[in-house]
Structure formats: C-alpha cells, structure tokens
Amino acid sequence: MKTPKLLPWYARKAGVSTERAEALWHKAVREATAETGWVGNSEYWGACMDSFLALLEKEHNTLCAPQVLPFVRSHNRMWRLPLLAMEDMCLAFHASWQRHSSVPRRAA
C-alpha cells in the first residue's frame, strides 16, 4: 500500500525517521481496517489519518530529545538586550540634543 506524500513532512515534524513513520502508517492502516471494516472510502481514510497522527504523537512523546532551540533563542535575545537598550538611549539622546541645541537649522 502506498504511503501519503506528506509522510516525510509528518515524520520530520514529529522528530521520527521516515522508516519509522512508514511503519506507523502501516499500523494505522491495519487499525483503520479493523475499526471500519471497509477499505477505500472517506471514513476509512479519515480513520487512517487520525490513527496515524495519534501514533506519531505517542512516538514523539516517547522521544527524549530536548527542545534546545527556544532556549538558545531566549539567550540570544537576552544577550542583545543591553546593546538594544544602549542604541535606544543614544537615539533618544541624539534626538533630544538636536531639539534643544541653539544652532538654527535650515530647511533643505
């Protein structure tokens, strides 16, 4: 039986290999066949996808892969915070200095 064309995308999204996702798809097909008793109608394919997504979710929950990217992004923002604050202070000082200087400015 053919697998869905989006199976590699679902596998990457769940963090599992494509081979494991194919095995989960075949298991979902067997479960949907036993559940619906029919093959090929819309109820059957809906049950296949529901079962497949549930199996992928279970597989994703069993993985012990830490989510490092949000942690790194937050530290990157914290690192840039003093630089951004200094830039904002310089811009505010520059705008205030031009407003209160006694040198008249000419229009272009």
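Below, each value reflects all heavy atoms present in this structure, side chains not excepted, and no hydrogens, waters or symmetry copies.
For the residue pair E31/S51, the side-chain donor-acceptor check at 3.5 Å is satisfied.
Summarising the geometry, atom OG belonging to S96 is positioned 10.5 Å from atom CE belonging to M89; distances are rounded to the nearest 0.5 Å. Between atom CG of residue L7 and atom CG of residue L56 there is a gap of 7.5 Å, rounded to the nearest 0.5 Å. Atom CG of L91 is separated from atom NE2 of H94 by 8.0 Å, given to the nearest 0.5 angstrom. The SG atom of C48 sits 11.0 Å away from the CD atom of E43 when rounded to the nearest 0.5 Å. In this structure, S17 OG and R12 CZ are separated by 12.5 Å, a value rounded to the nearest 0.5 Å.
Considering only heavy atoms from C-beta on, N61 stays 4.5 Å or farther from K58 through its side chain. P82 places none of its side-chain heavy atoms less than 4.5 Å from the side chain of M86. Within the 4.5 Å cutoff, the side chain of H60 has no heavy atoms near those of the V16 side chain.
The aromatic rings of F52 and W25 lie perpendicular to each other, with more than 60° between the two planes, well past the 30° mark.
Under the 4.5 Å side-chain contact rule for hydrophobic residues, W38 and W45 do not share a cluster.
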